[in-house]
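Taking it in order: structure first as structure tokens, then the write-up.
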Amino acid sequence: MTGRWTKEHFGGAAEPLAERLLGASLVRVLADGSRLAGRIVETEAYLGVMDRAAHAFGGRRTARNETMYAAAGTSYVYLIYGMYHCFNVVCGELDEPTAVLIRALEPVEGLVQMQQARPRARRQRDLCSGPGKLCQALRIDRSLDGACLASGEAIYVEGAQGPPAASRVVRCARIGVDYAGSWAARPLRYYLHDSDHVSKKLRPS
DNA sequence: ATGACGATTTACT
DNA sequence: GTAAATCGTCATA
């Protein structure tokens, strides 16, 4: 399936969306018309006001996280650690601040430009294997916060629309949310087991 | 007005 | 494994 995702595809809860996004392509079209794209291989669900790891925990609504309260299919981009950006897909109902963080891509189109945007990357697998990395590679920054993925031209999702086979999906705890108490352990991270482009593999125990 | 803090990445021991 | 880089945002005053 190669069609572009529309508004309906982004609706619903964060967890099924996080799983459904695996295998689909994130497409970024630059001002000069060039197309950068990657297959989504890793995501995380953020469940809103109840989720201690989420920016909207407890109903917090600020200038930074305002777009989390927007309609499903809106892009939520924020700056983290003063130097990287993270890209999320807003889902759920209007005023319900749930979202899916895109954590890793397998580069598919525009690899040369991705490499130029990430000169430190030594290999292909270093290009988009993390939320900050993929934003650098696809030139995603706060100017794309609030963009509509369903109808905008700058960034959108296309391709696979059903979830991958369950046997190919690993579900585990999210990364970098140790401050979130019991929510840190909840299995809200998803990745494709056979991908070489995820940010971190689950360590075998 | 000020201080503490990240949904991270990189380089280095 | 540990540490540094770097700054907009937000809670406190």
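Residue numbers begin at 1 in each chain, while the letters A, B, ... track the order of the sequences.
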Hey, does the Lys NZ or Arg CZ of A/R174 hover above the aromatic six-ring of A/Y46, less than 6.0 Å from the centre and inside 45° of the axis? yes
Contact class for [X] (heavy atom, under 4.0 Å): base, sugar-phosphate, or nothing?
X      : result
A/G82  : base
A/L101 : base
A/R64  : sugar-phosphate
A/A180 : nothing

Tell me: [atom1] of [X] to [atom2] of [N], nearest whole Å?
X      : N     : atom1 : atom2 : answer
A/R120 : B/dT8 : CZ    : P     : 20 Å
A/N65  : B/dG6 : CG    : P     : 15 Å
A/Y191 : B/dA7 : OH    : P     : 21 Å
A/R125 : B/dT9 : CZ    : C1'   : 17 Å
A/E66  : C/dT9 : CD    : P     : 13 Å
A/W183 : B/dA7 : CH2   : C1'   : 15 Å
A/H85  : C/dT9 : NE2   : P     : 10 Å
A/M83  : B/dA7 : CE    : P     : 14 Å

Base-pairing mate for C/dT6 - Watson-Crick or G-U, with both contacts under 3.5 Å: none
Complementary nucleotide of B/dC12, counting Watson-Crick and G-U pairs under 3.5 Å: C/dG1
A/E109 vs A/S25 side-chain heavy atoms within contact, under 4.5 Å: no
Heavy-atom side-chain proximity of A/L192 to A/E42 below 4.5 angstrom: no
If only side-chain N and O atoms of [X] are considered, is one of them under 4.0 Å from the OP1 or OP2 phosphate oxygen of [N]?
X      : N      : value
A/R60  : C/dA11 : yes
A/Y179 : B/dA7  : yes
A/R122 : B/dT10 : no
A/R118 : B/dT10 : yes

Between A/N88 and A/C86, which heavy-atom pair has the shortest distance, and what is it? ND2-O, 3.8 Å
Counting side-chain heavy atoms from C-beta on, which of B/dA7, C/dT9, B/dT9 comes nearest to A/R142? C/dT9
I'd like to know if A/R118 pairs up with A/D126 as an ion pair, taking the criterion as any Lys NZ or Arg NE/NH1/NH2 lying under 4.0 Å from an Asp or Glu carboxylate oxygen. no
At less than 3.5 Å, do the side-chain atoms of A/Y81 and the base atoms of C/dA5 form a donor-acceptor pair? no
